[in-house]
Protein chains: 2
Amino acid sequence: MTVSRALKTPERVSPEVRARVEEAVRAVGYVPNRLAGSLSSSRSSVIGLVVPSIENSLFASTIQGISDVLRRHGHELMIASSGYGAAAEEAAIRAFLGQRVAGLILHDTTHTPEAVAMIRRAGIPVVENGTLTRQPLDMVVSYSNHDAAKAMTQHLLRLGYRRIGFVTLPLAANERSRDRRRGYEAALEEAGLPYDPRLVLEVPPGLAAGVEALYRLLEGGGEPDAIFFAGDVLAIGAALECTRRGWKVPEKVAIAAFDNIDLLGHLVPPVTTLRLPRQEIGRRSAEVLLDRIQGRATGPLAIDLRFEIIHRAST
Amino acid sequence: MTVSRALKTPERVSPEVRARVEEAVRAVGYVPNRLAGSLSSSRSSVIGLVVPSIENSLFASTIQGISDVLRRHGHELMIASSGYGAAAEEAAIRAFLGQRVAGLILHDTTHTPEAVAMIRRAGIPVVENGTLTRQPLDMVVSYSNHDAAKAMTQHLLRLGYRRIGFVTLPLAANERSRDRRRGYEAALEEAGLPYDPRLVLEVPPGLAAGVEALYRLLEGGGEPDAIFFAGDVLAIGAALECTRRGWKVPEKVAIAAFDNIDLLGHLVPPVTTLRLPRQEIGRRSAEVLLDRIQGRATGPLAIDLRFEIIHRAST
DNA sequence: TTGTAGGCGTTATCAA
DNA sequence: TTGATAACGCCTACAA
């Protein structure tokens, strides 16, 4: 007990005892067993994070933000990827709850009923990250995918484009993509423009898909004057393909992207895009989670971290 | 005890008891406490991973590979980033050992003496990932940065380039970069070419650094006919800058990169590079670690996963 | 096949 | 300020 105190609350132990303990710790290379500590105190310093994919650099920024904050506060981070499936997410959540994590951060905002029930029973705080969902489990830290897509579409409209193509990642089981799509439609509607299905495309992720989308839209009869690639690296693939073909952007077709990937600013021409607070989402998520864990806050919470349009020469 | 058995070794319990337990588990939403399990059995299912940076997409591939294998085997993954510093790595390792992880995967191959001592005392298996180091702590799964850089340099020599520039990331405290640099030098030496300091540059990571390196080498008096960017996205920055300036590659200067970033193949012209088994490194690391944890293997081990040159139009 | 006893390494609590 | 005792929830070992 005295050792425990000397290590956790050194001020509550005599200097002499403290010194002896420190010496002994050094001598034997003692590393306290936090499993036992957690079991005894029913407090854990581990946070569980479930992202659709670790490999995706956008999520990676968020993870880095989370990791930085947790490290500073002496917490550990457990990660699992759900591969974009709610069942895998449920499995990950179950595993984390088995490890008695102190809190969860989930990127997806759609969960299996069982996953929700487990989290409720565990009674631990949760942050959702993917989009400013209307039905949060608990806390949300994100930006509005709907508003971001709408703002970019309006930006294009303001620039005079009238036949705006929209390329999205798969809409199924992903509230983020659906939000973006609805934002696009909302902007058109407010502008009194018709929705033309020949201008809308759903494609898998990846550079190659961006290239393919470019051709399909240009040759699909919709005659787009601009294309808004609402996902990942799609716009990069398309922009590079224009370079390859010697097509002038935005004269041939304007191109807009959805994320502040460094590279977009280095392309020729640099590509208009949205700045999304990826790292900030991670940092704030970790912070609000720790606030709750440490009893500094209670109750639901929704933090809108906003976005920003970066206007460049491609539009 | 019967419940424990029903859950872990259902075949050793009567069907009737099994059914009753399953029913009860469902009814109360019971999630076994793995902390208590680990404490009692002194076995853990958690693996600790320390990478220099989570945000870097190259490490992200490796992490994904690790995560996939661990998930399939019912193990969890704890992550920390060392920010490229051995002291931060040591702190992460200490935290992981406190959590009684079953094994460690470290990307860096240089560690503080204290970190090494702690790992030794803990007696858990370790895999190092960054390069085929000669003095592994325990197991290594990687490729040879030295050989890869040498091979690419020789490739350029074979193509007839004689004044080959070399751009590296910071050499301090990073065996990988030093290995690459030595590989470059070895190739020159074997070819009987002099080492010209005007052709070698050390820069920070990032697209912009690649652009800057391009100019500094072209204007530095070394008159390179090819530049080998031995790190990350440096080559992308340089290649895009050539596009922007309308410089022909490889006529103006040939460009070679060091990693199989998808994008390199989509640039104009596509950029020659090395294919490195990033994901495979992650998968194999997890596999050999599990082999040891589950007692299927013992002793040191070095797995060389090789690399491959992807010759494209930029050289 | 089922159950009992004891202990894993901490921390909460209370007593000295 | 220090120490004794009893959990925490599971698993090992052994007994019924």
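Each chain gets a letter, A, B and so on, in the order the sequences are listed, and its residues count up from 1.
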At their closest point, which heavy atom of Glu89(A) faces which heavy atom of Asp108(A), and how far apart are they?
-> OE2-CB, 3.7 Å
Main-chain N/O of Val288(A) paired with Arg296(A) side-chain donor or acceptor, under 3.5 Å = no
Does a side-chain N or O from Ser14(B) land closer than 4.0 Å to OP1 or OP2 of dT2(C), or not?
-> yes
Between the side-chain atoms of Thr2(B) and the base atoms of dG3(C), is any donor-acceptor pair under 3.5 Å?
-> no
Can you check the Met1(B) CE to dA16(D) P distance for me, whole Å?
-> 17 Å
What's the CZ-P distance between Arg100(B) and dC8(C), to the nearest Å?
-> 14 Å
Can you tell me the distance, in whole Å, between the CG atom of Leu7(B) and the C1' atom of dT1(C)?
-> 17 Å
Spell out yes or no: do the side chain of Arg5(A) and the base of dG3(D) have one donor N/O and one acceptor N/O closer than 3.5 Å?
-> yes
Base of dC11(D) paired with side chain of Ser41(B) (donor-acceptor, under 3.5 Å) = no
Nearest-0.5 Å distance, OG1 of residue Thr62(A) to CZ of residue Arg283(A) | 10.0 Å
Arg20(B) CZ to dG3(C) C1', in whole Å, measures 13 Å
Which heavy atom in Gly299(A) sits nearest to a heavy atom in Arg292(A), and how many Å separate them?
-> O-NH1, 2.7 Å
Of Ser38(A) and Val13(B), the one whose closest DNA chain C nucleotide lies more 5' = Val13(B)
Grab the CG-C1' distance between Leu35(A) and dT11(C) for me, whole Å please.
-> 14 Å
Roughly how many Å is it from CG in Leu39(B) to P in dT10(C), rounded to a whole number?
-> 9 Å
Arg34(B) side-chain N/O to dC11(D) phosphate OP1/OP2 under 4.0 Å | no
Answer yes or no: is there a donor N or O on one side and an acceptor on the other, between the side chain of Glu175(B) and the main chain of Gly130(B), under 3.5 Å?
-> no
dG9(D) P sits how many Å from Lys8(B) NZ, rounded?
-> 16 Å
Rounded to whole angstrom units, what separation is found between the CG atom of Asn33(A) and the C1' atom of dC10(D)?
-> 14 Å
Which comes earlier along DNA chain D counting from the 5' end, the contact point of Val31(B) or that of Glu11(A), where each point is its nearest nucleotide?
-> Glu11(A)
